[in-house]
Amino acid sequence: MIRSAYSHQAAVAELSEISAGPLDVVGLLAAAHHPKAGAVVLFSGEVRNHNEGMAVDYLEYEAHESMATKMIKAIIADANQKWPLNIAVAQHRTGKVTVGETAVIVITASAHRGEAYAANQYIIDRIKHEAPIWKCEYFSDGTKKWGSNCHC
Amino acid sequence: MIRSAYSHQAAVAELSEISAGPLDVVGLLAAAHHPKAGAVVLFSGEVRNHNEGMAVDYLEYEAHESMATKMIKAIIADANQKWPLNIAVAQHRTGKVTVGETAVIVITASAHRGEAYAANQYIIDRIKHEAPIWKCEYFSDGTKKWGSNCHC
Amino acid sequence: MKIQVFAVLKEYFDKEFELGDDITDIASLQSHLSCLNASAQGILQLCRFAVHDEFVDHDFTITKNDTICIFPPSSGG
Amino acid sequence: MKIQVFAVLKEYFDKEFELGDDITDIASLQSHLSCLNASAQGILQLCRFAVHDEFVDHDFTITKNDTICIFPPSSGG
């Protein structure tokens, strides 16, 4: 059983782990309050304008949607088992994401900040290494490259 | 010399480290983008409805404003020395803060997420332990208690 | 059987294509694809395979009605 | 000299008050305040002292024109 924030979970019950449209970072943060949580940690993975010395125009993310969704849910469930979290949500973009836009967001909240930081890092690390989501970088010189490493 | 995001620093140049009014958490996050930053981490320390088994109505924060401001600036400068950050800002409330409101916010951004998480935790840990800011908890039973420990 | 490939694998194969029924497990699928396109051999060694939304091992038996998804190493974020 | 106290210390002393010029350093100020209110002795041992927005040690010399701030342990957040 997931120990979690039932009221917040209700509010974000419809949150898709994979989103083809822009992530509502500010809206998700605004909703991320829980009366028992003293610490909220938000991670936003954003598109950088350079990578490995190359100027980046934009990225495109591809996912196996059903498996990525299921795996992110499972990672969040594992985090809820490991730490007493009031809130734990994550969402990843697909499609074209431009420089400065958010490609992935993780929000965790707990009574004390150590757990919120640890769970947040755990969730993003596992999403990046395990979820079937890939990025293709489109560079300013017209070339492109499918990513095979984490860049943030 | 602080390695930092000059454009973002310009945008938040007027940010006071100590604020008597509500913190604009969402606005600060919305401004926290930097084209070189792949990772943004936000910490929000919020008022919990319980502490040590007592129901909490609200907190009141008191600060020695000029020293707290100077110390938070110094802590952020130290973080900028230790990690290559594009953004590092922090702000702490004074006055009455109710359950679910943010008492302190820290935002860090860097090319890679490890640095953003580490710097964020470093800044909040030092603010909590070193800055001359105190909280008084007002409990639902009418009693109050000046805090001497970190609670989140 | 139907094969779906993702990300960089689309530079080596069609995104979706059919294969004959003589392939009976993941290991033989991997060999077969390496023969179809020798330059994909390296990346195929690193791939994960999934059937019906579950990852499967190399000895997993596949049949003509299966859809097999082939995933290069992930790089979300 | 002027003394300013913060947070829980306000339960033992006025927020701001004047003391005579016979006190010459932080250590003697600490002793003097412990005599004024014996129940504050414990918390005073844990306090930091600041003059002109700088923390000072117990042997720091104070004069009649100084304002001395006394800080209990912090608990921001």
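Model, not experiment: these values are computed from the prediction. Convention: sequence-line order gives letters A, B, ...; per-chain numbering from 1.
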B:Val26, part contacting chain A, at a heavy-atom distance under 4.5 Å: both
Lys NZ or Arg CZ of A:Lys96 over A:Tyr58 ring: under 6.0 Å, within 45°: yes
Region of A:Val41 that comes under 4.5 Å of a non-hydrogen atom in chain B: both
Heavy-atom pair count under 4.5 Å with chain A, highest-scoring of B:Val106, B:Val40, B:Asn120: B:Val40
Heavy-atom pairs under 4.5 Å with chain A, option from B:Ala116, B:Ala37, B:Ala109, B:Gly27 with the top count: B:Ala37
Any B:Ile18 side-chain heavy atom under 4.5 Å of B:Arg93 side chain: no
Parallel, tilted or perpendicular, as decided by the 30° and 60° cut-offs, for the rings of B:Tyr117 and A:Phe43: parallel
side-chain hydrogen bond (donor to acceptor under 3.5 Å, both in side chains) involving B:Lys70 - partner list, sequence neighbours excluded: D:Glu54
With B:Gln91 via side-chain hydrogen bond (donor to acceptor under 3.5 Å, both in side chains) - residues at least two apart: none
When A:Asn49, A:Val99, A:Leu29, A:Ile105 are compared by non-hydrogen pairs under 4.5 Å with chain B, the top option: A:Asn49
Choice from A:Lys36, A:Gln121, A:His50 maximising heavy atom contacts with chain B below 4.5 Å: A:Gln121
